[in-house]
Each structure stands twice: as C-alpha cells, then as structure tokens.
Amino acid sequence: MDAGSFNSFSSSTEKTHARSRQPLGRVGSTVYIPSLRNSSSNPPSSYRPSGDRFIPDRSAMDFDVAHYLLMQPRKEKENAGIVSPAKEAYRKLLAETLLNNRTRIFAFNRKPPSSADSMLTAIADSATSNQTKNTKAKRYIPQTAERTLDAPDIVDDFYLNLLDWGCKNVLSIALGGTVYLWNASEGSTSELVTVDDDLGPVTSVSWAPDGHHIAIGLNNSDVQLWDSSSGRLLRTMKEIHRSRVGTLAWNNNILTTGGMDGRVVNNDVRIRNHQVHTYRGHNQEVCGLKWSGSGKQLASGGNDNLLHIWDLSMASTTAAANQNQWLHRFDSHNAAVKALAWCPFQSNLLASGGGGSDRCIKFWNTLTGACLNSVDTGSQVCSLLWNKNERELLSSHGFTQNQLTLWKYPSMVKVAELCGHTSRVLYMAQSPDGCTVATAAGDETLRFWNVFGNPGVDKPATKKACSEPFSNYSRIR
C-alpha cells in the first residue's frame, strides 16, 4: 500500500461511495480510513464500519481477480513454450484493459477503467503493426527497357554466346567480327578488337573473374585472351577444337571451352600446355557451359539434346577417349540445351531450358540426379538467369512472342512478362549488382531492363524516359 495514499482517502471517499456500479467499472465499496493527522475525525454519517484501517473490508475485494493474479504466474510457467507471440500480445492487452494494470491483490484505490473501444482499438493497432512488419513491400517492375542501344551485324545464331557482363561493370558484345566494350558506369563505348575474316566471326565472349581479362572464341576454333585495360592480346590458344568455339566458361584460372566438335576442354591459362582436362559425352555441338558457384561441378548442354554434369574431382589429365565420365547424364529435353543457370541460394540446383521443339524449363538436383520440376513455357528457351536478391528466375524466349518471363520459384508462377524485342532474345547477361539485365536479339538491338530491381522499392525511380525514339538510338559502334 502506497504511503502517500492515506491523505487522499478521506477526501475521495465521499465522491466515490455513492457511485452506482457500472459494467467494467469499480467493484465493491470503499473502506473508510481515518486521517493520520487527526485521529478524532469522524467518519461520514453514511459509513458503516466493517473492519479496521489495516485490514480492508472483504466486500471491497474482487476474489476472482485475486485468484487470477495468484494463479497467473504458475500458468505462465506451464505454457511458456506453447504460447504464440500473437496470443501473448492479446493476453497483455486484455490484462491491461480489464485489470487496469493491477499488480497487487490488496488495493484500496484503482485507476478509472478504460472504455471497451480503447481495448479494441489497441488490439487493431497491434494487429496492423504486426501485419505491416511481416508484409514485404511490392517491387515495381518496369514493363519497358530503360535503355536501348543499336547492335548492328549481331549474328542471329541460337548456338552462340555473344554477350557477357564483367564484375567491373563493363559489358562485352560481339557484332560480327568485332568485340565492343560498353562501360555501364560511364556510358562509354570502345572497340576491343576486330578479327580477320578468315578467323571470324566471333562466336563467344566471356569475362574472367577479375573483370580485366576477356576470352574470345572464334569461328576457326582459336581462343584469344585479351587485356581489356590495355587492349593487348595476351595469348592465342590453338587446336583446342576442330571447329568453332560457341561457348566459354571460367572457373578461377581455368577457362572451359565448348566446340562444334562436341568436346568440352578445361584450359589452364597460366601454363604453356593449357589443355588439362577433356570431357567427352556430346556427339554434336556444345552450346551451353556453366560452372557451379562452388566451382566443383560443370554443366554442359548440346545440340544432341543432352545435358551433362561433370565433377571436377573426377577429371583426369589424360585425353584418352571416354576417360572422363560424367556425374549425371540427362536426356529428357527434346531439343538443344543452351540455357543453363545454377541457383545462387541452393548450390546443387540447376535450371536448364530446351529449344524450339522442347520449350521446357527443367530443374535438377545435381546431388541425386533427380528432376525436380518441368514447366512448359510455350516457346523456345534461349537463356536463363536467377535473381540474386529474390527467389525468382528470368527466362528469355524465341518464337513466337520473343519475350522475357519472370518466374517465382518454386511455384513457377509468372510474375511479369516483358516485351520489346521483335526477334528471338538469344543473349542475356546480368549486371554485377544483380539488378539490371541486358538482352540482345536478332533485331539488332541491345536492351537494358531493370527487371530484378532493388528489393523493397515500390515505385519507379526518377530517371530519363525508359524508351527512346528509334532515331535517337545510340549505335554501340
């Protein structure tokens, strides 16, 4: 009992004892306590003493509340592990409203009760607050390209890989026999190399992990390694394949090449005798190569409709035929397998896409070799990219709509479809921050899409018009 409450009882008793009992109001009558300053003070005429000043009148007590307060700690200990946060929040709000924050069993004065409306409002506010915290802001996805560049003389060939975006934010694209570099930070374009007609055209490009060196595959089977900073040719690797090199993939200092001869070769660019491993499993042109994020597994797709998974630990330095066996061999695609993408948030998950006679995206567990799902997209699958920030997959397509499709994984519900190209979208690359995607198509345009965007952004940022008139297209040349 608070020591400072004695002086207030004598003055408040007359105001409170005559009030009638209301719902959720004060329970019982008020006990008269003489003032400590004047022991001869007389009680009000209407007061009938029924107890001394130290022990309150039993009629002033609420035994139901007292029993609840006594039993509450024991129940809380028993139910500590099974009470959900929502029920706990509701219990606290209910206790605050109905019990007026009572913590004592014996009390002579209580706070005025709150209205029922205030309790309902508090519960609604709490629910709204929790819902706001748990609800993710909707990401805005622009339906048009934010920038378009002219890409004349780009080779319209499904089996080639002519576009790549390095970690230094420089985009490389092969147009005929010339490789151009577009600096995304500065918006500047430069020409790296133009190969002779007897060597070209350029059939593949791939940035090294350092972002300074770039590998170029040629139609005559040569592979060149260039320093992009100085524009200097570092070395030319010959006789890796017997015909054009359509796909390249880096794994640290290992450059893997895939050719029309069906071979997959690992080349250590640091040494003179660069061919260190040879994989044989395809009997037609290899058009897709991707190393896993761990660098331990390699996926290869070919025009023979086959998809192979190779384990680096099983590779042999010998070049004998059939020496290097695949870890898995998948033959369920009904067309060429070019589109390959390893999942960034699940190391053993691989997505693959089939050509015009297949039109399917398939998901593989490369640990067990199981096919997890297969989705018919309705059109040729040319390229695949995972969103680095969300569980989403972007696919580029050919006939008939030439669209980009954003899928939610694993439900594979369509999030968005982006149209703009008038020819099949053969090539696709992702910016280092994972937000922007560059696409190149047979319509000789290079477009940039903010399809992955920034997580949590619910409205477009202020910038220049997303689509520029054709006459104002910047020629990448």
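One is the number of the first residue; the rest follow in order along the sequence. Just so you know, these numbers use all the heavy atoms, side chains as well, and skip hydrogens, waters and symmetry mates.
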(request) Take Asp157 and Arg244 through the test salt bridge (Lys or Arg N to Asp or Glu O under 4.0 Å) and record every step on the way to the result. (result) CA-CA 13 Å; Asp157 192 326; Arg244 71 179 184 181; 3.0 Å; yes
(request) Could you walk me through whether His397 and Ser395 pass the side-chain hydrogen bond (donor to acceptor under 3.5 Å, both in side chains) test, one step at a time? (result) CA-CA 7 Å; His397 297 272; Ser395 57; 2.7 Å; yes
(message) Does Gln284 form a side chain to side chain contact (heavy atoms under 4.5 Å, CB included) with Asn305? I'd like the steps, not just the answer.
(response) CA-CA 9 Å; Gln284 292 190 39; Asn305 307 346; over 6 Å; no
(request) Test salt bridge (Lys or Arg N to Asp or Glu O under 4.0 Å) on Glu146 and Arg447 and set out the steps. (result) CA-CA 8 Å; Glu146 63 178 7; Arg447 299 172 187 262; over 6 Å; no
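Under a 3.5 Å cut-off, the side chain of Asp164 and the backbone N or O of Trp207 do form a donor-acceptor pair. With hydrogens and angles ignored, the 3.5 Å screen pairs a side-chain donor or acceptor of Ser228 with a backbone N or O of His212. Formation of a donor-acceptor pair under 3.5 Å by the Trp291 side chain with backbone atoms of Asn252 is not found in this model. The backbone N or O of Arg242 lies less than 3.5 Å from no partner atom in the side chain of Ser221, so there is not a single donor-acceptor pair. At least one donor-acceptor pair closer than 3.5 Å links the side chain of Ser431 to the backbone N or O of Thr436.
With respect to the salt-bridge test (charged N to carboxylate O, under 4.0 angstrom), the residues Asp443 and Arg424 do not qualify.
The closest side-chain heavy-atom distance from Leu446 to Thr439 is not below 4.5 Å. A 4.5 Å side-chain heavy-atom check between Cys287 and Thr247 finds every atom pair outside the cut-off.
With rounding to the nearest 0.5 Å, the separation of OG1 in Thr256 from CG in Leu298 is 5.5 Å. Interatomic distance, NZ of Lys290 versus OG of Ser300, reported as 12.0 Å (0.5 Å rounding). The CG atom of Asp261 sits 5.0 Å away from the OG atom of Ser243 when rounded to the nearest 0.5 Å. Between the CH2 atom of Trp182 and the CG atom of Leu163 there is a distance of 11.0 Å, given to the nearest 0.5 Å. Here the OG atom belonging to Ser229 is positioned 11.5 Å from the CD1 atom belonging to Ile214, to the nearest 0.5 angstrom.
Ring pair Tyr279/His277 is tilted by interplanar angle, where 30° to 60° counts as tilted. His282 and His308 have perpendicular rings, their planes meeting at more than 60° on a 0 to 90° scale where under 30° would count as parallel.
Between Phe452 and Trp386, the distance from one ring center to the other does not fall under 6.0 angstrom.
Residue Gln275 comes nearest to Glu239 through the heavy atom pair NE2-O, 3.3 Å, listed as atom of the first residue, atom of the second, then distance.
Considering Leu384, Asn387, Ile361 as possible partners of Trp407, the one that fulfils the side chain to side chain contact (heavy atoms under 4.5 Å, CB included) test is Ile361.
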